[in-house]
Number of protein chains: 2
Amino acid sequence: MSLPTTDVKTEDLTAPAAKTTQLIVQKFGGSSVSDAEGIKRVARRVVDAQKAGNEVVVVVSAMGDTTDELLDLAAQVTDSAPAREMDMLLSAGERISMALLAMAINKFGASAQSFTGSQAGMITDGIHGKARIIDVDPHRIRTALDKGHIAIVAGFQGMSHATKEITTLGRGGSDTTAVALAAALDADVCEIYTDVDGIFTADPRVVPTAQKIDRISSEEMLELAASGAKILHLRCVEYARRFGVPLHVRSSFSQHEGTWVLPGADDKITIQEGVALEQPIISGVAHDRSEAKVTVVGVPDIPGKAAAIFQVIAKAHSNIDMIVQNVSTHGTGRTDISFTLPIVEGADALAALRDAQPEIGFESIEYNENVGKLSLIGAGMRSHPGVSATFFKALSDAGININMISTSEIRISVVTHADLLDDAVRAIHKAFELDGDAEATVYGGTGR
Amino acid sequence: MSLPTTDVKTEDLTAPAAKTTQLIVQKFGGSSVSDAEGIKRVARRVVDAQKAGNEVVVVVSAMGDTTDELLDLAAQVTDSAPAREMDMLLSAGERISMALLAMAINKFGASAQSFTGSQAGMITDGIHGKARIIDVDPHRIRTALDKGHIAIVAGFQGMSHATKEITTLGRGGSDTTAVALAAALDADVCEIYTDVDGIFTADPRVVPTAQKIDRISSEEMLELAASGAKILHLRCVEYARRFGVPLHVRSSFSQHEGTWVLPGADDKITIQEGVALEQPIISGVAHDRSEAKVTVVGVPDIPGKAAAIFQVIAKAHSNIDMIVQNVSTHGTGRTDISFTLPIVEGADALAALRDAQPEIGFESIEYNENVGKLSLIGAGMRSHPGVSATFFKALSDAGININMISTSEIRISVVTHADLLDDAVRAIHKAFELDGDAEATVYGGTGR
């Protein structure tokens, strides 16, 4: 039933709908189960998947506004909730949605059992609010499937290994739960249901002619997610890539094929001719307004100073994204170091840097939230010369000033003024001939 | 800290507020934690109890309407929810209230940790919706107390022994959780907080001059609860009596002493002169409109026929309360058997009886929901002649017809027409000189 080797998996997924009986993990976010009607719609879909002969595991988020309502209750009681108690509180949300979904499935004639994160064997570390999965022991899920049940699992939550405390996984937690279960159960596919038809070549709100991507490698998807695409969380893609789990991102409102995110798919380009022809050079354009740019001005150009700065930032638990160090041309023995980090982590990082100023000996700090990042992603670009030239010419023609540049083998990212970001996205999307004929459905919100 | 023997406990509880450091289990129902303000009020009370030098464990129900809201959601999804999933759903309610209470306590400067039923070691059988506690392993609670925390425990829920499923305890579940934890932790007292000042000599809605009872034996409280008094559930009193847990039923809105329910308190009457004088002959009058009367007419007066009837009822999971078998005077070799059972179980019981009619050979069934039960309870009546005489004379003087009579050593119960029940309660309350000078606070609702 499950695929024994990566090779077979790769072949199979070139034609994703080939097999008759599969183990499918389906993940539905909060907007799909926001009320009784939504729950019933999801239930029908799940039952259909089982009736088609598949074994089905469903990972579900809390209903629509439940999390916000619980956070509001907490705010009415305290302005400093302990993280342990916040996890206890928020984990109630999935209990409600999963039990209701199990009831609805039973009502539609199939048999379902719901399982908390701890019952499903989601073992995490002990960091409340953003726990990491360290092990998955899905024996209760496997037993439920063997008995013919559909297994419903609470997304976003687990139990800590050492202290058996209830934990939550933080942003992207439900997607990660689904992928982790799919990996542990050796599932054939992990379907991520959302309110759009899949991953697009750009955000359709910015580029109305953006096209749905049919297939993308997890490597490219990683770069897309890291570059600001909101549909799949970086963490979930990382997990899927590491464990070779094929993802299928699709709409819960239609039966259309969505976007397949395939581990090792870009390796096929050099192996399988048919696929290579279908595989575009460029997958898509992502953008991100959630980061700020920090420049540490006048850093002594002595070995160890850059390291000292990034240690200070790391201790403040900030995640640095792009880094640029200017060449020391002042003749002063000093240099500037610029980097980007999430705006929400800006204040802590700045405070930490100021505390460390005497020790590190830099001159000043510049902080700018009014920036945007654009990234062009495509596994094809590594073997196609001229991508960079086209990229920078398009920006130049559109009159976009570039603040910072960073590249990987399959990505080029630039930081621009925030007000110019949408123009930049459209210019790049057009320059790489990604525009489709029709307008895409506009993105909705994302769940946990 | 805890009391080693029953004797010492008995002495201590004659003056309940004597000790300085105690292990206190406090139970708050849904109406006490119906919103953020209620939660904060409870939190202050809990923190005060700890600041007074006590170790404090708090058992809490779901917030006010939460359970009804969850049931409503379930009803929107299905009309036949599996019991397992209903337990999963409803157990979310206490997670929310207990986490919020823990947050509020932390906000007030004390340290609290919340625990689910399973984390608190509430091990039950596997009967979803009305599970029975079969073991309590509160080691995590004990550890939390040892570290100086206040432990908050979800009432009403547990985990099944064999299958590790989440269970709920059914009616009176939170009270029972509190008493079971108090027993397992060898607590000095289990305080049951409610919205009235304690147990009254009758329902103040029926008898405005009803008085608060200061002390009552668990034996009498058992009879009161079984006879329809709503404040404490029979199950909780049974548990407290069996494990010698002193209960203190009191208001969460005042600091007044409430009603102490003391294991073995009535034994003291013959031992301790001072207490005997305070102990009234009669504790109170309870009434109950939740039962129906069933009469099986024309049962063959042959050994085994009554047993056959009650086996049929038991198989229908109905709980029979009072039973009266008329003497066989027809000369027909047939007799009538009457009994009462909860109205909610009436339909099932009748159906089961009709199915068994050919086999048992009775003539017909009479069913009457328009009845009420009145019970007079008092440990004193066993050694006081004349109680029955006063009782029946009072009813006769008030013009009350009696349908059925049943007695124990400390209780007399009669079934009357439902419309006459309030008059009967008032007549008996007055005849036994239970009326007080002032009007009592009116009873409110009860939680889980």
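Proteins get letters first, then strands, A, B, ... in listed order; numbering begins at 1 in each.
- Closest approach of A/Glu85 to B/Gln113, counting heavy atoms only: OE2-CA, 3.3 Å.
- Pairing each heavy atom of B/Ser91 with each of A/Arg95, the nearest pair is OG-NH1, 2.8 Å.
- Contacts of residues 99-108 of chain A with chain B at a heavy-atom distance below 4.5 Å involve A/Ala99, A/Leu100, A/Ala102, A/Met103, A/Ala104, A/Asn106, A/Lys107, listed in sequence order.
- Of all the heavy atoms in B/Gln119 and A/Ile166, the pair that sits closest is NE2-CD1, 3.6 Å.
- In terms of heavy-atom pairs under 4.5 angstrom with chain A, the leader among B/Pro82, B/Ser80, B/Ala81 is B/Pro82.
- Of the candidates A/Thr66, A/Leu90, A/Leu73, B/Ile96 forms a side chain to side chain contact (heavy atoms under 4.5 Å, CB included) with just one, namely A/Leu73.
- With chain B as partner, the option from A/Arg140, A/Met63, A/Lys164, A/Glu37 having the largest number of non-hydrogen pairs under 4.5 angstrom is A/Arg140.
- When each of B/Ser111, B/Ala36, B/Ser114, B/Ala92 is scored by its heavy-atom pairs under 4.5 Å with chain A, the top score falls to B/Ser114.
- If you measure heavy-atom distances from A/Ser97 to chain B, you find no contacts under 4.5 Å at all.
- Heavy-atom distances place both the backbone and the side chain of A/Leu89 under 4.5 Å from chain B.
- For a residue to count as touching a neighbouring chain, one of its non-hydrogen atoms must lie under 4.5 Å from one of that chain's; by this rule A/Ala43 does not touch chain B.
- Contact annotation for A/Thr143: neither backbone nor side-chain heavy atoms come within less than 4.5 Å of a heavy atom of chain B.
- Separation of atoms CD1 (A/Ile39) and CD (B/Gln76) is listed at 8.5 Å; rounding is to 0.5 Å.
- The CE atom of A/Met88 sits 3.5 Å away from atom CE of B/Met98, with the distance rounded to the nearest 0.5 Å.
- Heavy-atom pairs under 4.5 Å with chain B were tallied for A/Asp87, A/Thr78, A/Thr116; the largest tally goes to A/Thr78.
- Both the backbone and the side chain of A/Met86 come within contact range of chain B, judged by heavy atoms closer than 4.5 Å.
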